[in-house]
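Proteins come first, then strands; the chains are lettered A, B, ... in the order of their sequence lines, and each starts at number 1.
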Amino acid sequence: MEKIENSDFKHIGTKLLNWYKQNARDLPFRQTKDPYKIWICEIVFQQTRINQGLNHYNNFIKRFPDVKTLANAEEDEVLLYWKGLGYYSRAINIHKAAQQIMNDYQGTFPSDYDEILKLKGVGKYTAAAVSSICFNGKMPAVDGNFYRVLSRIFADDFDSSNSRAFNYFSELATLVLPENVGDFNQAMMDLGSEICKPRNPFCGECPLNEDCLAFSLNKISEFPVKTKTVKAEHLGLKYYFVHRNGQFLIQQRKDDFIWKKLFEFPHEISEELMPFIKSAKTVNHKLTHKNLSIEIFNVEVDSEIVWTDFIAENQYLITDFEGSHEKSFPKPLETYIQNYHTAYKIL
DNA sequence: AAAGCGGGGTC
DNA sequence: GACCCAGCTTT
């Protein structure tokens with residue numbers, strides 16, 4: 001950073017704020033400073049594009065409009081509203097944090113950055129975002145947009161996959177930070193989303209193009225630098241769709257590994273059930289870090305005694321497709337077995 | 001410091 | 001197929 005030591009870059013922040021006044025996206029959480037709603041939206045949209053999470057956010061706020069409602073809800077229902085969104089620790093943590101606010105802060109959302117940071121599932125980015133947007137806090141909310149925009153403006157090749165990148169770009173952000181940090185943080189998100197996109201950015205329309213070193217060097221595509229990438233490994237899973245008379249068996253996942261605490265079919269069956277396997281189908285499903293191939297067996301139990309014995313020996317939930325809609329299944333099951341009748345067609 | 005965790009859009 | 005997204009927690 002020595003090349004920029006004695007320079008003043010505050011005009012960049014001012015320009016960005018002026019652009020934001022005219023070009024801010026019209027989003028449901030832009031019309032409030034309720035820290036609860038801002039907090040929820042920050043969690044929902046972690047690693048998630050606006051269009052992808054908008055319905056989840058709206059449904060979540062409608063069902064859980066305030067901290068108390070969320071804190072008093074059952075965890076299963078919170079997960080039900082989170083299903084399909086991914087990163088399910090967020091739902092579990094958001095629920096615990098609501099109870100933290102009830103117990104430790106008498107139900108009043110903490111206003112201080114350091115206090116907000118103590119909430120489950122809240123890291124430095126989210127604490128900065130909530131405190132700046134709702135309470136005039138002064139911390140930059142450094143996210144992927146900050147990495148990209150700042151690395152381009154300063155043609156800075158600091159590795160954004162380095163674990164020190166957050167601190168590094170936080171310092172870089174302070175060089176351009178205006179007085180209104182809350183609007184600045186949101187402006188950076190909008191600029192990063194609408195103009196300074198990862199690929200093929202609209203530099204001609206960018207309010208900062210005169211200040212952007214990478215643009216003037218015609219090296220936009222070289223920033224940000226990121227050296228480490230995640231490689232997906234293959235994993236095979238087996239599920240048994242065990243059913244009789246319109247009912248089938250499910251169980252809840254653990255809170256380790258993928259799909260934390262969501263519901264699913266049994267992974268295994270007893271020897272007695274093997275003869276009732278009528279068919280099987282393999283479904284491929286890609287996660288960021290895993291390539292799953294899921295083998296789903298159709299187990300149509302024609303014997304009342306075998307059905308009863310199997311249930312007695314295991315801790316499965318008996319449900320039907322109507323009831324299954326009240327459970328948070330991982331997406332593959334909902335995608336490929338949406339109701340009892342299509343299940344027969346597929347399997 | 002590095003690994004693990006989802007689902008979907010974009011090119 | 002590779003990359004990226006309003007990141008955080010665990011190891």
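If you check every strand for non-hydrogen atoms under 4.0 Å, A/F166 touches nothing. Residue A/G84 is classed as a sugar-phosphate contact, given heavy-atom separations below 4.0 Å to backbone atoms only. Among the atoms of the strands shown, none is found under 4.0 Å from any heavy atom of A/Y147. When heavy atoms are screened at a 4.0 angstrom cut-off, A/I133 is found touching no nucleic acid atom at all. A/R253 comes within contact range of no nucleotide atom at all, as no heavy-atom separation falls under 4.0 Å. Among the heavy atoms of the strands lying under 4.0 Å from A/T288 is at least one base atom, whether or not backbone atoms are also near.
The aromatic ring centres of A/F60 and A/W82 sit less than 6.0 Å apart. Aromatic pair A/Y88/A/W259: centroids not less than 6.0 angstrom apart. Between A/F265 and A/Y316, a ring centre-to-centre spacing not shorter than 6.0 Å is recorded. Here A/F184 and A/Y20 keep their ring centres 6.0 angstrom or further from each other. With ring centers used as reference points, A/F297 lies 6.0 Å or more from A/F241.
The phosphate of C/dT9 has neither OP1 nor OP2 within less than 4.0 Å of any side-chain N or O from A/K120. Note on A/K226: a side-chain N or O is less than 4.0 Å away from OP1 or OP2 of C/dC4. Of the side-chain N and O atoms in A/Y87, none sit less than 4.0 angstrom from OP1 or OP2 of C/dC5.
Rounded to whole angstrom, the span from the CZ atom of A/F60 across to the C1' atom of C/dA6 amounts to 16 Å. In this structure, A/I258 atom CD1 and B/dG4 atom C1' are separated by 11 Å, rounded to whole Å. To the nearest angstrom, P of C/dT10 lies 9 Å from NZ of A/K260. With rounding to whole Å, A/H56 atom NE2 is found 11 Å from B/dG6 atom C1'. The nearest whole Å value for the distance from the CZ atom in A/F257 to the C1' atom in B/dG4 is 10 Å. In this structure, the CG atom of A/D256 is 14 Å from the C1' atom of C/dT9, given to the nearest Å. Rounded to whole Å, atom P of B/dG6 lies 11 Å from atom CG of A/L85. A/F169 places its CZ atom 16 Å from the C1' atom of C/dG7, with the value rounded to the nearest Å.
Comparing A/N93 and A/K286 by the nucleotide of DNA chain C whose heavy atom lies nearest to each, the residue mapping closer to the 5' end is A/K286. If A/N162 and A/V230 are placed on DNA chain B by their nearest nucleotide, the residue sitting closer to the 5' end is A/N162. The residue among A/L287 and A/S161 whose nearest nucleotide of DNA chain B lies closer to the 5′ end is A/S161.
Relative to the side chain of A/N200, the nucleotides B/dC11, C/dA6, B/dG8 differ in distance, and B/dC11 lies closest. Closest contact between the side chain of A/N145 and the listed nucleotides B/dG6, C/dA6, B/dT10 involves C/dA6. Among the nucleotides B/dG6, C/dA6, C/dA2, the one closest to any side-chain atom of A/R25 is C/dA6. You'll find that the side chain of A/Y125 is closest to C/dA6, out of C/dA6, B/dA1, B/dG6. Of the candidates B/dG6, B/dC11, B/dA2, B/dG6 carries the atom nearest the A/W259 side chain, counting heavy atoms from C-beta on. If you check B/dC11, B/dG7, B/dG6 against the side chain of A/H289, the one that comes closest is B/dG6. When each of C/dA6, B/dC5, B/dC11 is scored by its nearest atom to the side-chain atoms of A/K290, the top-ranked nucleotide is B/dC5. The listed nucleotides are B/dG7, B/dA1, C/dC4; the one nearest the side chain of A/H285 is B/dG7.
Within residues 35-51 of chain A, the residues having any heavy atom under 4.0 Å from DNA chain B are, by residue number, A/Q47, A/T48, A/R49.
The ring pair (Phe, Tyr, Trp, His ring centres under 6.0 Å) test applied to A/Y125 returns no partner, not counting sequence neighbours.
Comparing B/dG8 with C/dC8, their P atoms are spaced 22 Å from each other, to the whole Å. Taking atom C1' on both nucleotides, B/dG6 is separated from C/dC3 by 15 Å, rounded to a whole Å.
A donor N or O paired with an acceptor N or O is found under 3.5 Å between the base of B/dG7 and the side-chain atoms of A/Q52.
Ion pairing of A/K138 with A/E179 is present here, as a side-chain N (NZ or NE/NH1/NH2) and a carboxylate O approach within less than 4.0 Å.
With A/W39 as reference, A/F109 is the one residue of A/F109, A/F135, A/F64 to meet the ring pair (Phe, Tyr, Trp, His ring centres under 6.0 Å) rule.
Note on residues 191-225 of chain A: no pairs pass ring-ring contact (aromatic ring centres under 6.0 Å, His included), not counting sequence neighbours.
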